[in-house]
Protein chains: 2
Amino acid sequence: MLSVSGKNLIGYSVSGEGNQFFYGVNPRTGDKLPVPFHCATEGEIQKALKLAEEASFKFRHWTPQRRKLLLDALAKNLEAHSEVLMGSFVEESGLPRERATQELARSCYQLRSYGEAILSGLVLDAVIESGDSNRIPSPKPELRRVNLAIGPVVVFGASNFPFAYSTIGGDVASAFAAGCPVIVKAHPMHPQTSSLCAAVISETLQSLDCPEGVFSHLLSNAHDLGQRLVLAPEVKAVGFTGSIRGGRTLMDLAASRKEPIPVYAEMGSVNPVVVTAMALEAKGPEIAEKLAASVALNAGQFCTSPGLLIVEENQKLEEFVQYLSLIMSQYPEQCMLHSGIFEPYKNQVEQHAEELDIRVGGVRQNNFITPALHEITGSNFLKDVRFSHEVFGSYLLIVRCASELEMTCVLSSLEGQLTGSVFCQPNEHLAWWDLLQAKVGRLIVNGVPTGVEVTYAQQHGGPYPSSSMPASSAVGGAAVRRFMRPVVFQNCPDSLLPEALKDANPLGILRFVNGSYTHEPC
Amino acid sequence: MLSVSGKNLIGYSVSGEGNQFFYGVNPRTGDKLPVPFHCATEGEIQKALKLAEEASFKFRHWTPQRRKLLLDALAKNLEAHSEVLMGSFVEESGLPRERATQELARSCYQLRSYGEAILSGLVLDAVIESGDSNRIPSPKPELRRVNLAIGPVVVFGASNFPFAYSTIGGDVASAFAAGCPVIVKAHPMHPQTSSLCAAVISETLQSLDCPEGVFSHLLSNAHDLGQRLVLAPEVKAVGFTGSIRGGRTLMDLAASRKEPIPVYAEMGSVNPVVVTAMALEAKGPEIAEKLAASVALNAGQFCTSPGLLIVEENQKLEEFVQYLSLIMSQYPEQCMLHSGIFEPYKNQVEQHAEELDIRVGGVRQNNFITPALHEITGSNFLKDVRFSHEVFGSYLLIVRCASELEMTCVLSSLEGQLTGSVFCQPNEHLAWWDLLQAKVGRLIVNGVPTGVEVTYAQQHGGPYPSSSMPASSAVGGAAVRRFMRPVVFQNCPDSLLPEALKDANPLGILRFVNGSYTHEPC
């Protein structure tokens, strides 16, 4: 049976050297949870960093098969402890049990599928080109390229995904798949859930003789710990999911290092949804229902929650907005993750309400909310940049545009977004389609942005500030590449090549050999 | 016949609004060349930026076929003007005519092969996954992902590659292939060659009805221009080849922007070469000859020039070093690119000479040099970090290590490198092989680091400070990806999809469809 020690995990040691503590909170009641959590000390941090650096050299040479076994074992052990994990998740997050079940399943799926992305060779990108010693004027060398692990990664737990983007989440799964040790900075709003997950990871790693230091789990309720880790020379990359302010702080720190390192930060987004007049005419009620459900889902605490509904004035619009208002006003109260999310939500919605037309007021008390729906004209929206900023939680702002041109201006005024959604009819001409493409990482047609499929084709990450590295994805097998870099071997004998590049293809992976993809030896 | 106006190219307009001028120099004679070059004014810069931004929306939707035609036409027109281009190259760079010929051929090859990388689909990374509307509990959406251009790119001409990493170089070729407009900041040490190249580009683009603003060419001998461009909101990425100090300045500026952007900087490297005792015994003279030729090539003005020779003390070593010294001392004088390269080279070599054992003194006068060869023990090398820094030019430092352990310590003390080379015998055990892998982007066995093959399998870029983005390559078709980002289309009707993702595969590219690579429709 798992238990919560309230201590840090430094490699395989449970460690509570510090005398500073903090507590988890049940957001439904506001009650402090019983276990005190030890903030990591400088000595503990140093030990975790040193162990990670040492483990890095061993772990990066684990074969894909071995890494896949590790990820599968992790998923299996998490499932075996699902009752205690989900109980803690619900207690600390205020999210419903159904969500805990889904999120644990998603986390386990991520672990297994990122392992598969390595095992298949898909993210190793092995390329082999034969040489030509007779080429004139100079011989062509043989080149063999493959992605290798970059070294220790620091992952920040995300408060809105206590499983899927925290200690057992996508960043940890991708780093392990890539062959990188991970130091997790637990999110202070779910230290208990994070610690339980960490215990399962530690137990699994130990049972598979994984080098000590491939995983450490550090606790703190202050910002110092995260900043210290991002500045540590041993660390080679950072994974973060959270606010623009938090992400940008880490980006700036990482850029200030003697050796700058990449920060893969997945940050804020208002996820604009455009509904054309023809779509409104053809299926207004269906769109309203889908949209309301997406806004209301888990109190809107998703990076892909729709925050902006952009429409052109037309005859059916008022009827649509009335129906949308009716449905949105019927959603029951939901608990937010913690007061650090509830208070800014309350303040932003109340400030907007002073200046905008209120269609649905929503409820906001003691961490509990119902969705709010406001309205603004396109011209007023364009006058005040505040209205284009994310309100994290169930909040939708309808932007009523006087013309297609105004709609284009509204879209043009937006910063980078994770997603953009369009409800339209077949073969409609969308004047602003190219513009929307240039703003987002994912375009959804006749659907809502919530629900990010975990698969190789996925792209989760758009232009800044929605993410820090728009060319990478935080979801899907491709996320593993973030923690690797290509190394090429020139005229290298088979004995010195990594397994992925050896003539016989002992890993049986897909490789690009002299211009064709193949599983064959070369 | 091409002529040199001394003016900027702002889109298709020749523009010389400014009243500040600078001149090219012939480094062999020190003579100022006749044409005055107009420094770009703020008005000209703004116009170039605005044109690039506007052109971006049109150019990104050019089909791969059309972009390939453009790149081929560029190569062809450059070849047609080869006499005047090479004449200028030799006059401004001090490099031999043979090198001008090779570098022009390389540049044309890059243009053609990066076009091929787009045309084949290789760098578009098109991925298609069918949906499943019957999946339980929720339908699986259809996802189609492809790389799209990121927008205007600023490219800094490199003084050591007036063709292949300047106005017609790899960064420009990759940006055009990706579908990005380019603003080139000409290198002030070859303004004439750069302007001639720019004229050929402009003429070619115009003849193919390319939107104005896809290319601009700006002149200045001050740092302000480059800094201004990196900070411009219209710019979405930067390509740079040059010093660590220059690259880092641009990285810091780009990181300080409201919207941080990637800087692809390819910077310094000492390119360590390790020779094992067994290799020395078996083929010492051959290694010495290869190494000397590599160090001496074009006065060592390559990012991949070998600067460090790491060897373990053994019976054959002194004989080897004597032979290496003999060959190196026989190289004729060569002209360096300009005084901005010659002076730091002279100072560094002379400072080192005061503290190290001199095997070959070398010549240094009026921009002309011959190779220098110094010697240090492993233990002294480890005491002073200065000796691990790049001396740009023909300079080799032999590090004589007392043991394998000391050799490992020396390798371990190095910063990130573009390359690492090893001369060894078949099946030798190399205790430090994994360590070397972790430090470099390219490993060469029984060969020298100079000569970077332009091909898809290439990786040119290692850990910082050798490059700013070790996961990207500055050479080879993969370089095109630097200026693209993935966008995914969810449940998107065929009519709204980019050509690369349409059912019929109208571009005929290689795509990853439901788990397999194919050229077939889907």
Side-chain angles (χ1 to χ4, degrees), chain A residues 57 60-61 127-129 138 140-141 143-145 148 150-151 251-252 255 259-260 262 415-416 426-427 430 433-435 437-438 440-447 451 453 455-459 463-465 468-471 473 478 481 484-493 495-496 512 517, chain B residues 57 60-61 127-129 138 140-141 143-145 148 150-151 251-252 255 259-260 262 415-416 426-427 430 433-435 437-438 440-447 451 453 455-459 463-465 468-471 473 478 481 484-493 495-496 512 517:
Chain A
F57 277 91
R60 74 201 295 260
H61 292 294
V127 179
I128 297 175
E129 281 180 21
S138 58
K140 185 186 176 195
L143 294 173
R144 300 185 183 217
R145 189 184 77 200
L148 296 176
I150 52 168
M251 288 168 69
D252 290 345
E259 178 193 3
E415 293 183 299
N427 301 314
L430 309 174
W433 179 249
D434 287 351
L435 175 64
Q437 263 183 52
V440 308
R442 179 165 56 109
L443 277 156
I444 302 110
V445 179
N446 292 321
E453 191 71 21
T455 183
Y456 185 65
Q458 190 55 276
Q459 168 59 26
Y464 186 86
S468 58
M469 299 282 224
S473 179
R481 287 206 186 88
M484 310 188 90
R485 68 177 180 89
V487 176
V488 69
F489 297 79
Q490 180 171 325
N491 294 335
C492 186
S495 60
L496 289 174
F512 192 67
Y517 282 96
Chain B
F57 277 92
R60 75 201 296 258
H61 292 294
V127 179
I128 296 175
E129 280 179 22
S138 58
K140 185 185 175 198
L143 294 172
R144 298 184 183 219
R145 191 185 75 199
L148 296 176
I150 51 168
M251 289 169 67
D252 289 346
E259 177 192 4
E415 294 184 298
N427 302 316
L430 309 173
W433 179 247
D434 288 349
L435 176 64
Q437 263 184 52
V440 309
R442 180 164 57 109
L443 278 156
I444 302 112
V445 179
N446 292 320
E453 190 71 20
T455 183
Y456 185 66
Q458 190 55 277
Q459 169 58 26
Y464 186 88
S468 57
M469 300 281 225
S473 178
R481 286 204 186 89
M484 309 187 91
R485 68 177 178 90
V487 176
V488 69
F489 298 78
Q490 179 170 326
N491 294 335
C492 187
S495 59
L496 290 174
F512 191 67
Y517 281 97

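- When each of B/Arg481, B/Met484, B/Lys140, B/Gln458 is checked for heavy-atom pairs under 4.5 Å with chain A, B/Gln458 comes out on top.
- Heavy-atom pairs under 4.5 Å with chain B were tallied for A/Ser495, A/Ala255, A/Ala438; the largest tally goes to A/Ala438.
- We find the CD-CG distance between B/Gln490 and A/Asn446 to be 11.0 Å, quoted to the nearest 0.5 Å.
- Between chain B and the residues A/Ala457, A/Ala478, A/Ala471, A/Pro463, the largest count of heavy-atom pairs under 4.5 Å involves A/Ala457.
- Within the 4.5 angstrom heavy-atom criterion, no atom of B/Ile150 approaches chain A.
- Proximity to chain B (any heavy atom under 4.5 Å) is restricted, for A/Leu148, to the side chain, taken from C-beta onward.
- With respect to chain B, the highest number of heavy-atom pairs below 4.5 Å among A/Glu453, A/His61, A/Glu259, A/Met469 belongs to A/Glu453.
- A/Arg60 touches chain B through its side chain: at least one heavy atom from C-beta onward sits under 4.5 Å away, while N, CA, C and O do not.
- Heavy atoms closer than 4.5 Å to chain B are found in both the backbone and the side chain of A/Tyr456.
- When B/Ile128, B/Asp252, B/Leu443 are compared by the number of non-hydrogen pairs under 4.5 Å with chain A, B/Leu443 comes out ahead.
- Between A/Ile444 and A/Arg442, some side-chain heavy-atom pair lies under the 4.5 Å cut-off.
- Residues B/Tyr464 and B/Met251 form a side-chain contact, since some pair of their non-hydrogen atoms from C-beta on lies under 4.5 Å apart.
- With a 4.5 Å cut-off on non-hydrogen atoms, A/Phe489 touches chain B through its backbone and its side chain both.
- Shown here for A/Val487 and B/Gln437, the closest heavy-atom pair between the two residues is CG2-O, 4.3 Å.
- Interface remark: of the candidates B/Pro260, B/Ser468, B/Pro426, B/Pro470, B/Pro260 forms the most heavy-atom pairs closer than 4.5 Å to chain A.
- Only the side chain of A/Glu415 comes within less than 4.5 Å of a heavy atom of chain B; its backbone N, CA, C and O stay farther away.
- Between the CG atom in A/Leu435 and the CG atom in A/Leu430 there is a gap of 12.0 Å [rounded to 0.5 Å].
- With contacts defined as side-chain heavy-atom distances shorter than 4.5 Å, the pair A/Leu143/B/Thr455 qualifies.
- In plain terms, the two heavy atoms of A/Leu496 and B/Trp433 that are nearest each other are O-NE1, 2.9 Å.
- Pairing each heavy atom of A/Gly441 with each of A/Gln459, the nearest pair is O-CG, 3.5 Å.
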